[in-house]
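Below is one structure, written out as structure tokens; the observations come after it.
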Amino acid sequence: MELTIKSSYEEMSKAAAVKVADLLNAKPNAVIGMATGSTPLGLYKELVKMHKNEGLDFSQVTTFNLDEYVGLPVDHDQSYHYFMHENFFKHVNVPHQNIYIPSGTTKNFKAFCAWYENRIKECGGVDIQILGIGSDGHIAFNEPTSSLSSRTRLKTLAKPTIDDNSRFFEKREDVPIYAITMGVGTILESRELLLVANGKGKADAVAQMVEGPVTSMITASALQLHPSAHVFLDTESAGNLKMRDYYEWIQAKKPGAPKL
Ligand code: GLP
């Protein structure tokens with residue numbers, strides 16, 4: 001796992017955006033795995049800026065989102081369809097037909113999930129998967145005890161996740177309790193992973209992901225199994241890392257890094 005620790009959320013988001021832009025410049029028809037949540041918003045803002053100011057081109061890009069709530073229509077302001085459109089897609093030039101987001105309103109979840117997995121394969125697999133992390137250490141909606149080889153499926157959300165996400169809904173009862181989510185196994189097949197985290201609230205989850213055992217109790221710990229996982233943190237979310245000095249040493253001494 002490669003860690004990049006930045007002094008602020010903005011700096012962290014910029015560094016993560018550069019990683020995505022580098023890939024896009026090298027491979028204009030890249031397949032990008034998208035994530036929702038408040039954390040990647042800064043990263044999306046930076047990518048939009050690069051698109052508008054530097055001509056970063058998404059015209060050949062294909063995207064696959066990680067997850068979607070079950071039961072919310074695509075135009076519901078808390079659906080991940082709506083989130084992605086408002087915060088990213090309406091500002092860049094990803095062709096409409098290249099955007100894939102799990103359907104939360106399908107009548108046949110099993111068939112839809114199998115189709116989604118297959119579509120990822122048909123498009124050549126995900127080149128870089130953007131990820132956030134839940135305060136209980138989950139990625140996408142792979143709640144604690146999700147198999148580390150799980151695939152795209154219908155998932156019942158854990159109570160802490162429902163509590164966390166209730167801030168976006170009028171009442172806690174309005175938060176959907178089911179989601180369709182890519183599995184941990186699906187995510188691990190992406191050629192690169194890019195996880196962003198910020199704030200004190202994520203410090204425990206981040207420490208367990210990086211330094212704890214690989215366990216389905218913290219599904220983000222599966223990143224330890226991936227050969228090309230990049231984690232972008234701000235100083236607060238890095239606050240509980242025991243070996244933080246070492247990670248900062250590696251960051252500073254990386255071949256090509258500016259001399260201290
Ligand atoms: C939800 C999403 C995850 C996201 C998490 C944290 O559970 N399914 O993909 O990482 O929320 O969201 P936030 O970035 O708002 O803390």
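Worth knowing before you read on, the calculation uses all heavy atoms, side chains too, and leaves out hydrogens, waters and symmetry mates. Whatever order the structure lists ligands and atoms in, that order sets their numbers, starting from 1.
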When you check the gap from the basic side-chain N to the acidic O, do Asp174 and Lys171 get nearer than 4.0 Å? yes
Do NZ/NE/NH1/NH2 and the carboxylate oxygens of Lys90 and Glu86 come within less than 4.0 Å? yes
Quick one: do Glu117 and Arg153 make a salt bridge, cutoff under 4.0 Å? no
Applying a heavy-atom distance cut-off of 4.0 Å, which protein residues contact ligand 1? Gly37, Ser38, Thr39, Asp67, Tyr80, Gly132, Ile133, His138, Ala140, Phe141, Arg167, Lys202
Can you tell whether the side chains of Lys254 and Glu2 come within less than 4.0 Å, N to carboxylate O? yes
Report yes if the distance between the aromatic ring centroids of Tyr69 and Phe141 is under 6.0 Å, otherwise no. yes
side-chain hydrogen bond (donor to acceptor under 3.5 Å, both in side chains) partner of Ser237, chosen from Thr235, Asp234, Asn240: Asp234
